[in-house]
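Okay, so here's the structure we're looking at.
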Amino acid sequence: MKVLKVKSSWLSESDLRLDAPFHLSDGVKTKRLIEKFCPYELTTIEDESLNLYKGNIHKRVYVSSPEHGYMFYTASDLFKADLETGKYVSKRYSSYLKELELKRNWILITRSGTLGKVLLTSEDHEKKIGTDDLVRVYLKQEKVKTGYLYAFLSSKYGYGLLTQAGYGGVVKHIEPDHVKGINVPVLPITLQDRINTLITESSHLRVEANKLLKEATRDVEQRVLKELGRIKKEPSSSRNIKELFQYEKRLDAPYNWSLGRLINDEIIKIDHKLLSELSEVFHPILFGKKQIKGTPTKGNPLYKSTSMGKLKPETDFWLSLKKNDSYRKLQVKEGWVLISRTGTVGNVVRINKSMNNTFIDDHMIRVKPSSNYHGLVYIFLKSYYGQKLIEFQKYGSVQEVINSTYIERIPIPATLMDKNFLSELDQKVKTLSDFFDTAYLKETEAIELVENEIESWQKS
């Protein structure tokens, strides 16, 4: 239990906040640490900003295609590694979206639900629509560089400052007014430039990685389209009893008559291979997580499937070192492809070098491609066709599920297995994976520079 004596002056400084979480938060400690020990000039986010606002609240009408809608990102969408997973909001019924339009080099801060997550926008976000659940910050870059402020707010100290003022019972919120008054140390320009360069390079690498991912996915989709032609789902159809027995005796319509089923049926008519012929497919079974919980000092991080699709996977669960051998089957290797099998089914991620030998929970199916098919397996499963072939096989009412048996029999057209094309896909996937890894390392280095600088004040 945390206990703290609060001075009367602190109450007036906090706009008469009487709630214990505010005064016991890390943000309050960080604020006093900076004010007491910082050897440099202090400025505020408001003083350094050209714009600082959250955007207007509006009614959302979602549509299924870009022809009729604008790409719309919720707060959680923006933190995914795959930026094409946003929704589309209707052009016809959305008249007041200009204020929600995103531009590059903005700092976005989540302000509702999960508070204090920070993102620096790039050209990939330009002219996309972002939710009003984000505080937008655009800097003058006079005393404070954008990359430095992003690293500062992304650090453990910045996170505490952003979240300390959270209010609300069920869902927590912060407002632009809570953000604008945050004190920011004006670090020496040489250090700021170093941090800013690392963040800028990190952002550029992610843009280039996403370009390569789009190119590779488009190349795969065009080859499949040329082979199959355009497939349109008819309004209704029928299945005979022999087909029902062939397909696990399932009677549900999405399984028997959906776009994914039609794609599957067309591919198996032509020369193809099953995923199980190109990869080893499996998923481990894990029970009793409470019995394997360790601590940050006596454990390895165990990542959840919900975290794996993000730019920076995070976890607060630690696998006890005593249980490492028992749960070695949860460990993943570089080059493996993972598919979420519960909840949001079908999220596909590749294990890059920075995540090699980490532990991932049992809610992700493991796909271990053969040596010649690393690029193809990953890109095909990420493609439009791969996603439809995964989605139509899911089952369950309250929570949707898919199992490794379904994934094993995903058919892949042989037209994609040309030797030169396979080599091209492998090279693109290797390059984009290296880009994502390097971007992660550069951003981590920048944040550590900020944290180490602040920690050094207390030692001097």
Presence of salt bridge, [Y] and [X], under 4.0 angstrom:
X: Asp219; Y: Lys428; value: yes
X: Arg111; Y: Glu175; value: yes
X: Lys140; Y: Glu48; value: no
X: Glu334; Y: Lys430; value: no
X: Glu41; Y: Lys143; value: yes
X: Glu123; Y: Lys211; value: yes
X: Arg218; Y: Glu221; value: no
X: Glu391; Y: Arg261; value: no

Should we count [atom1] of [X] as having more than 12 external heavy atoms under 6.0 Å?
X: His204; atom1: NE2; answer: no
X: Arg194; atom1: CZ; answer: no
X: Lys353; atom1: NZ; answer: no
X: Lys312; atom1: NZ; answer: yes
X: Lys91; atom1: NZ; answer: yes
X: Tyr93; atom1: OH; answer: no

### Exercise: identify the closest heavy-atom pair between Leu416 and Arg223
CD2-CB, 3.7 Å
With a 3.5 Å distance limit and no angle check, can you tell me whether [X] reaches the backbone of [Y] through a side-chain donor-acceptor pair?
X: Asp133; Y: Ala75; result: no
X: Ser370; Y: Tyr373; result: no
X: Lys128; Y: Asp124; result: yes
X: Arg92; Y: Gly69; result: no
X: Thr217; Y: Lys214; result: no
X: Ser340; Y: Gly346; result: yes
X: Ser404; Y: Ile365; result: no
X: Asn352; Y: Ser354; result: no
X: Thr44; Y: Gly181; result: no
X: Ser279; Y: Val281; result: no

### Task
May I ask you to decide if the ring planes of Tyr167 and His173 are parallel, tilted or perpendicular, using 30° and 60° as cut-offs?
tilted
### Message
Students often mix this up, so state it plainly: with edges at 30° and 60°, are the rings of Trp106 and Tyr138 parallel, tilted or perpendicular?
### Response
tilted
Do [X] and [Y] have side chains that get closer than 4.5 Å, going by heavy atoms?
X: Ile189; Y: Leu191; value: no
X: Ser456; Y: Asn452; value: no
X: Leu100; Y: Asp132; value: yes
X: His125; Y: Ser122; value: yes
X: Val429; Y: His374; value: no
X: Met308; Y: Ile360; value: yes
X: Ile267; Y: Leu389; value: yes
X: Leu161; Y: Leu153; value: no

### Message
Set out, in order, the CA-CA distance, both residues' side-chain angles and the distance that settles side-chain hydrogen bond (donor to acceptor under 3.5 Å, both in side chains) for Thr74 and Asp77, then state yes or no.
### Response
CA-CA 5 Å; Thr74 64; Asp77 290 332; 3.0 Å; yes
### Message
salt bridge (Lys or Arg N to Asp or Glu O under 4.0 Å), that's the test. Do Glu201 and Lys442 meet it? Break it down for me.
### Response
CA-CA 8 Å; Glu201 290 174 350; Lys442 284 180 178 291; 2.8 Å; yes
### Query
Is there a side-chain hydrogen bond (donor to acceptor under 3.5 Å, both in side chains) between Tyr53 and Glu99 once you walk through the steps?
CA-CA 10 Å; Tyr53 67 101; Glu99 193 178 350; over 6 Å; no
### Task
Before giving the answer on side-chain hydrogen bond (donor to acceptor under 3.5 Å, both in side chains), spell out for Lys333 and Asn357 the whole-Å C-alpha distance, their side-chain angles and the decisive distance to 0.1 Å.
CA-CA 5 Å; Lys333 304 292 183 180; Asn357 288 325; 2.5 Å; yes
### Task
Step by step, work out the ring pair (Phe, Tyr, Trp, His ring centres under 6.0 Å) result for Tyr303 and Trp318.
CA-CA 9 Å; Tyr303 293 92; Trp318 301 84; 8.5 Å; no
### Query
Are Trp457 and Tyr157 close enough that their ring centres sit under 6.0 Å apart?
no
#### Entry: Residues that Lys394 engages under salt bridge (charged side-chain N to carboxylate O under 4.0 Å, His left out), provided they are two or more places apart
Glu400
### Message
Pair Glu314, Lys304 - check salt bridge (Lys or Arg N to Asp or Glu O under 4.0 Å), show working.
### Response
CA-CA 8 Å; Glu314 300 170 339; Lys304 298 178 181 178; over 6 Å; no
